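A short write-up of the structure that comes next.
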Amino acid sequence: PDRSAAEQPVYWAPEIDPGVINLIEPPTSLRAEQGRAANIPYPQGERDEIGLHIRPSPEGPQLAFLNGAQPDKPLAVVIPLDDLALDRLSSIERFIHSIGGKHRPDARLTPPQRRRLSHMLRCIDGREQQASHFEVAMALFGRRLVSREDWHDSSFRYLTHRLARDGAKMVERGYRQLLLFRRRHT
């Protein structure tokens, strides 16, 4: 309640989001003398029936400490061998690089895809506030580019309609696809 929705960290169930890093206490025989992950400053997280969920930074991965694993103790990563195993491995690689101070962006969405998603959500918000497609287009693209005189044949009109349509589909049922990595089929 003391933070806005934009400031509130979002925690996904590990079986849904392959970007969640599942951490456990390693068996004694596999413990390293000095765990690199123990040097990360961990903010407060959320605890549920699965374990403790933390995001070390706003853009960082979600860490799920399972079976009583603790952030300040030696840790090991669990990779379920399912259809998302390669996606999970990519997320783990990104996390390991971040421990070493080398930030790597989340590759699930490109910057243009992020921008389009932002536009889609703004379209949905505008339409829910009873704004017309024209008003939404002006908010998204600016008065300089969107004019009432050219609206009927404007490419911005068609783009705004597509963004609203695709945004509605995404909100309705397609948002989870954003969690998956895109792979080339060979």
Side-chain angles (χ1 to χ4, degrees), residues 1-22 43-64 80 82-88 90-91 94-95 98 103-185:
D2 57 339
R3 290 189 267 184
S4 75
E7 297 171 324
Q8 183 67 33
V10 174
Y11 297 110
W12 288 91
E15 65 272 15
I16 292 174
D17 182 2
V20 175
I21 310 298
N22 300 301
Q44 292 294 336
E46 301 283 330
R47 191 170 291 281
D48 65 11
E49 66 278 356
I50 295 172
L52 176 65
H53 302 273
I54 293 175
R55 284 198 183 276
S57 68
E59 297 84 32
Q62 174 184 334
L63 307 178
D82 58 11
D83 291 343
L84 301 175
L86 291 174
D87 293 351
R88 296 178 199 285
S90 294
S91 297
R94 182 173 161 247
F95 175 62
S98 73
H103 174 71
R104 294 175 74 192
D106 192 334
R108 290 181 279 187
L109 293 174
T110 64
Q113 288 170 323
R114 286 180 192 275
R115 202 168 24 261
R116 185 167 195 278
L117 283 168
S118 172
H119 285 350
M120 287 166 43
L121 292 174
R122 288 181 66 197
C123 276
I124 295 299
D125 288 345
R127 296 299 289 156
E128 285 184 2
Q129 296 298 317
Q130 308 304 315
S132 68
H133 279 112
F134 176 74
E135 292 167 326
V136 170
M138 282 198 340
L140 288 175
F141 307 114
R143 294 180 190 274
R144 190 173 59 82
L145 296 175
V146 179
S147 71
R148 190 166 297 283
E149 298 81 34
D150 299 330
W151 180 245
H152 184 68
D153 295 322
S154 171
S155 62
F156 291 108
R157 177 177 177 241
Y158 299 107
L159 177 57
T160 304
H161 282 279
R162 283 193 309 274
L163 289 169
R165 179 200 65 211
D166 295 348
K169 285 181 189 174
M170 185 70 64
V171 168
E172 217 174 273
R173 64 186 177 278
Y175 66 93
R176 282 189 181 176
Q177 72 183 355
L178 300 175
L179 300 173
L180 304 177
F181 287 79
R182 277 116 182 111
R183 299 199 181 288
R184 287 191 181 141
H185 297 291

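Just so you know, these numbers come straight off a predicted model, no measurement behind them. When reading the values below, keep in mind they use all heavy atoms of this one structure, side chains included, and skip hydrogens, waters and symmetry mates.
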Please identify each residue that fulfils side-chain contact (heavy atoms from CB on, under 4.5 Å) with Pro112, with sequence neighbours left out. Thr110, Arg115

List for me each residue that meets salt bridge (charged side-chain N to carboxylate O under 4.0 Å, His left out) alongside Arg55, sequence neighbours excluded, and say none if there are none. none

Taking distance alone, no hydrogens or angles, what donor-acceptor pairs closer than 3.5 Å link side-chain atoms of residues 123-145 to residues at least two apart or in another chain?
from   : atom 1 : to     : atom 2 : distance (Å)
Arg127 : NH1    : Ala131 : O      : 2.6
Ser132 : OG     : Phe134 : N      : 3.4
Ser132 : OG     : Glu135 : N      : 3.1
Ser132 : OG     : Glu135 : OE1    : 3.4
Glu135 : OE1    : Ser132 : N      : 2.7

Could you name each residue pair satisfying salt bridge (charged side-chain N to carboxylate O under 4.0 Å, His left out) that touches residues 157-170, not counting sequence neighbours? Arg116-Asp166

Contacts of type salt bridge (charged side-chain N to carboxylate O under 4.0 Å, His left out), residue Asp82, not counting sequence neighbours: Arg88

Does Ser91 reach the side chain of Val20, with side-chain heavy atoms less than 4.5 Å apart? no

Can you list the residues that meet the side-chain contact (heavy atoms from CB on, under 4.5 Å) rule with Asp48, with sequence neighbours excluded? Ile50, His53

Which value, rounded to the nearest 0.5 Å, describes the distance between Tyr11 atom OH and Asp17 atom CG? 13.0 Å

Spatial distance of atom CD1 (Ile16) from atom CG (Leu84) [nearest 0.5 Å]: 10.5 Å

Any donor and acceptor pair, going by atom type alone, linking the side chain of Ser118 with main-chain N or O of Arg114 inside 3.5 Å? no

Would a distance-only check, ignoring hydrogens and angles, find a side-chain to backbone donor-acceptor pair under 3.5 Å from Ser98 to Phe95? yes

Which residues pass the side-chain contact (heavy atoms from CB on, under 4.5 Å) test with Ser147, not counting sequence neighbours? Glu149, Asp150

